[in-house]
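Reading through the structure tokens given below for one structure.
Small disclaimer: the values here were computed from a predicted structure and weren't measured. Letters A, B, ... mirror the listed sequences (proteins, then strands); counts begin at 1. Excluded from the calculations below are hydrogen atoms, water molecules and symmetry mates; all remaining heavy atoms, backbone and side chain alike, are included.
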Protein chains: 4
Amino acid sequence: MPKLGMEPIRRAALVKATIAEVGDVGSLQVTVGQIARRAGMSTALAHHYFGGKDQIFLAAMRHILSEFKAEVLAELAQAKPDARAEAIIRACFAQSCFAPRAISAWMTFYVMAQTNSEALRLWRLYQCRLRSNLCHALRPVARDPKVAAAVLSALIDGLYLRAALNDPEAGEVATQRALTVLHLLCDR
Amino acid sequence: MPKLGMEPIRRAALVKATIAEVGDVGSLQVTVGQIARRAGMSTALAHHYFGGKDQIFLAAMRHILSEFKAEVLAELAQAKPDARAEAIIRACFAQSCFAPRAISAWMTFYVMAQTNSEALRLWRLYQCRLRSNLCHALRPVARDPKVAAAVLSALIDGLYLRAALNDPEAGEVATQRALTVLHLLCDR
Amino acid sequence: MPKLGMEPIRRAALVKATIAEVGDVGSLQVTVGQIARRAGMSTALAHHYFGGKDQIFLAAMRHILSEFKAEVLAELAQAKPDARAEAIIRACFAQSCFAPRAISAWMTFYVMAQTNSEALRLWRLYQCRLRSNLCHALRPVARDPKVAAAVLSALIDGLYLRAALNDPEAGEVATQRALTVLHLLCDR
Amino acid sequence: MPKLGMEPIRRAALVKATIAEVGDVGSLQVTVGQIARRAGMSTALAHHYFGGKDQIFLAAMRHILSEFKAEVLAELAQAKPDARAEAIIRACFAQSCFAPRAISAWMTFYVMAQTNSEALRLWRLYQCRLRSNLCHALRPVARDPKVAAAVLSALIDGLYLRAALNDPEAGEVATQRALTVLHLLCDR
DNA sequence: AATGAATGAGGATTCATTCAT
DNA sequence: GATGAATGAATCCTCATTCAT
């Protein structure tokens with residue numbers, strides 16, 4: 001076992017374990033001990049690398065956000081100019097982002113944003129980016145791109161919420177619902 | 001100070017205090033002690049009347065739901081037949097339902113639904129009712145009332161979410177956004 | 001409902017409920033609330049009549065003791081002079097004293113005697129009486145009546161203990177075991 | 001002060017403290033706090049090593065049982081073939097087993113067996129072993145070894161009971177009483 | 001780098017008991 | 001005579017965090 005360069009490995013393991021645990025339990029009520037055990041290390045080490053529980057959570061939230069960002073960028077990269085909005089929507093409901101566990105963690109971190117200012121900042125960043133991406137993508141096609149972007153991002157969050165609560169109608173048709181509204185917003 | 005029939009008074013005080021406290025703190029991490037103090041009684045009495053923390057929370061959730069229901073019914077009662085959908089939307093964003101504290105409590109209880117089955121049941125009940133109300137109201141005006149109801153209810157939740165996170169753009173324009181989509185769904 | 005003379009009725013009901021509850025639960029860990037509910041009254045009334053939990057327990061213990069005493073006396077009254085020891089033993093294992101619930105309460109009160117001096121006094125009283133009765137009964141038949149009485153009373157308690165713990169061999173054959181020793185002690 | 005391998009040390013300290021505390025107080029009503037303080041550590045550590053109050057108690061009960069077993073085996077090892085039964089009896093009333101504190105703890109754990117199934121299992125195990133040992137030892141000398149073993153083991157428990165309640169006659173003469181019966185059972 | 005050891009602070013819950021009516 | 005109301009004190013248990021090794 002290497003003695004150097006363990007830090008990134010450990011941190012990644014903890015972040016992954018945090019998302020999994022929070023997703024499974026469905027609340028921030030998970031203990032550092034659970035996370036550390038799942039990541040295969042002692043709680044002391046978890047503290048050593050992150051400094052505290054909140055920072056572990058924040059790192060996990062950042063990870064989800066960056067994954068989400070990557071998903072969107074990848075989808076956008078291969079989208080035709082006038083299908084960019086649809087690409088973003090598809091990215092939002094891609095397998096990796098819409099898995100029950102991921103959604104559950106996602107929604108749970110939302111709650112954290114009510115309490116923790118750094119979490120709030122991250123959430124706002126995500127919102128901003130999403131809306132800006134949407135706005136840009138909608139400019140060529142929608143009547144009022146700004147409004148359309150606001151509507152769509154709110155709708156996406158609402159659909160996420162349902163998925164987190166296992167609404168039977170959520171998973172399969174979420175994309176359809178979003179696309180329906182997208183088309184309405186673009187309809188001349 | 002009356003000595004008989006305190007139960008309903010105490011219960012109401014606890015429910016009110018719970019919503020206020022959860023709304024302020026923005027998490028279920030509030031203690032029974034905080035709630036009881038806010039309601040002006042000992043923790044033991046809170047337990048005496050409700051049996052446990054979860055049941056206090058559930059009672060608070062039920063209260064929010066019933067208030068919401070009343071709001072919708074009141075708004076519907078005085079709406080013209082072809083403005084019923086708009087009435088529901090206006091009810092959703094009425095002052096009493098859209099106060100920051102109420103929204104925060106609302107969203108927080110959502111999280112509880114991931115863990116607590118009774119909370120989930122209540123959430124589903126609310127969803128069902130909202131969608132059914134919307135569907136009925138949309139029948140005369142929307143092309144596909146069922147889809148329209150699904151879209152609108154998801155959108156409403158998404159807008160709530162923003163309000164809970166103090167998105168500056170949320171409060172004021174939430175109604176506008178929802179109405180925009182409503183009109184799109186009804187056009188023609 | 002009569003307003004006068006309730007005291008003895010209430011007290012009897014509480015004593016009965018205490019024995020039943022302690023017997024069922026198998027520990028002194030029963031609450032005044034449980035006892036009072038079983039006796040069909042409020043905890044406040046239980047306190048009113050007995051002054052406190054300990055005194056309720058002591059009253060129950062006294063009741064068991066007095067029942068036991070009555071059983072022995074009844075059995076002795078109709079015993080031939082040289083069968084008095086056997087009569088005592090039979091009284092000890094009579095239905096009313098050897099019912100699981102009674103035994104369990106009995107043993108539980110033993111434990112109280114380690115803590116509560118009044119309970120200890122009562123236990124010593126019972127012991128004294130039992131041994132004295134046995135001694136007197138054994139005088140005509142046993143070689144050493146005092147030793148025989150000591151042995152038999154210890155044996156009886158040991159057999160009770162087994163019954164309290166539901167030793168399958170306890171209930172049915174307890175009397176046999178005790179009589180066996182009795183005869184050994186009297187042989188010749 | 002060593003920093004590794006504390007677990008067995010702590011566990012032993014807790015078991016010892018539990019027996020002492022339960023023995024002193026004479027009831028299971030001792031708190032984890034009392035035990036932990038007596039063992040020189042925090043309650044949290046006690047929970048850490050045992051998981052809960054019941055398990056601390058059970059560990060203490062197991063310890064008493066294993067000590068008892070060792071005592072019997074030691075006594076049996078140096079007994080002549082036809083004095084084995086006497087050796088067992090002497091072991092039962094040896095100093096280490098018959099100290100007031102030990103007896104009190106012993107009896108108290110008996111009570112736990114009425115409530116806790118694992119405690120009951122342990123008690124049955126002890127009973128089984130004692131009776132089996134006695135039976136084997138009595139085979140060469142008693143008329144009916146099985147009955148004799150049953151009688152003696154019940155008698156031993158009865159004598160313990162007296163010791164737990166500080167019957168002045170118990171400690172000193174318990175062995176004598178048991179031996180008296182032993183000889184009666186073996187007398188041809 | 002890693003961890004077992006250790007704890008203080010806190011939280012839910014229970015319960016005997018008191019009091020006003 | 002009877003009870004609902006009310007609580008303080010106590011108890012079990014949890015957990016984030018620190019520290020020595």
Side-chain angles (χ1 to χ4, degrees), chain A residues 1-7 9-10 29-37 40-57, chain B residues 1-7 9-10 29-36 40-56, chain C residues 1-7 9-10 29-37 40-57, chain D residues 1-7 9-10 29-36 40-56:
Chain A
M1 57 193 96
K3 285 282 175 185
L4 287 173
M6 287 304 285
E7 177 153 354
I9 299 173
R10 293 298 195 185
Q29 211 68 323
V30 297
T31 72
V32 176
Q34 285 163 11
I35 294 170
R37 196 172 324 120
M41 70 193 81
S42 69
T43 68
L45 198 54
H47 271 91
H48 176 66
Y49 279 124
F50 277 100
K53 196 188 186 185
D54 281 8
Q55 284 162 290
I56 298 178
F57 280 158
Chain B
M1 58 192 92
K3 279 288 167 184
L4 244 64
M6 290 302 286
E7 175 153 358
I9 298 172
R10 294 299 196 185
Q29 212 65 327
V30 298
T31 72
V32 175
Q34 284 162 15
I35 294 171
M41 70 193 83
S42 69
T43 68
L45 199 55
H47 273 94
H48 175 66
Y49 281 124
F50 276 100
K53 198 187 185 184
D54 281 9
Q55 283 164 290
I56 297 178
Chain C
M1 58 193 94
K3 286 282 174 184
L4 287 174
M6 287 303 285
E7 177 152 356
I9 298 174
R10 293 296 195 187
Q29 210 67 322
V30 298
T31 73
V32 175
Q34 285 163 11
I35 294 170
R37 195 172 323 121
M41 69 193 82
S42 68
T43 67
L45 199 54
H47 271 90
H48 175 66
Y49 279 125
F50 278 101
K53 196 187 187 185
D54 281 8
Q55 284 162 291
I56 298 178
F57 280 160
Chain D
M1 57 191 91
K3 279 289 166 183
L4 245 62
M6 289 302 286
E7 176 152 357
I9 298 172
R10 293 298 195 185
Q29 211 67 325
V30 298
T31 73
V32 176
Q34 285 163 12
I35 294 171
M41 71 193 81
S42 68
T43 68
L45 199 55
H47 274 96
H48 174 67
Y49 281 124
F50 277 100
K53 197 187 183 184
D54 280 10
Q55 284 165 290
I56 298 179

Completion exercise
Heavy-atom contacts, protein to nucleotides 12-18 of chain F, under 4.0 Å, summarised as B (base), S (sugar-phosphate only) or - (none) per nt, yield SBBBSBB
Handout entry: Atom pair distance, as rounded to whole Å: CD in D/Glu7 and P in E/dA6
Key = 10 Å
Handout entry: Nearest heavy atoms of C/Gln55 and C/Phe50, plus distance in Å
Key = OE1-O, 3.1 Å
Practice task
Specify the separation, in whole Å, of atom CD1 of C/Ile56 and atom P of E/dC15.
Solution key: 14 Å
Practice task
Specify the separation, in whole Å, of atom CE of C/Met41 and atom P of F/dG1.
Solution key: 13 Å
Fill in the blank from the handout: Correct closest heavy-atom pair for C/Ala46 and C/Ala36 would be CB-CB, 4.3 Å
Problem - Phosphate contact (E/dA2 OP1 or OP2) by A/Arg10 side-chain N/O below 4.0 Å - result: yes
Completion exercise
Here the gap from A/Arg37 atom CZ to A/Thr43 atom OG1, rounded to the nearest 0.5 Å, amounts to 9.5 Å
Handout entry: Over 12 foreign heavy atoms within 6.0 Å of CD, A/Gln29
Key = no
Practice task
State which residue, out of C/Thr31, C/Val32, C/Ile35, fulfils the side-chain contact (heavy atoms from CB on, under 4.5 Å) condition with C/Lys53.
Solution key: C/Val32
Practice task
Name the pairing partner of E/dA12, where a pair is Watson-Crick or G-U wobble with both distances under 3.5 Å, or state none.
Solution key: F/dT11
Practice task
Round to the nearest Å and state the distance from D/Met6 atom CE to F/dT21 atom C1'.
Solution key: 13 Å
Handout entry: Between CE on residue C/Met41 and CD1 on residue C/Ile9, distance to nearest 0.5 Å
Key = 10.0 Å
Completion exercise
Scanning all shown strands, the Watson-Crick or wobble mate of F/dT21 with both distances under 3.5 Å is E/dA2
Problem - First of C/Tyr49 and B/Ser42 reached from the 5' end of DNA chain F, by closest nucleotide - result: C/Tyr49
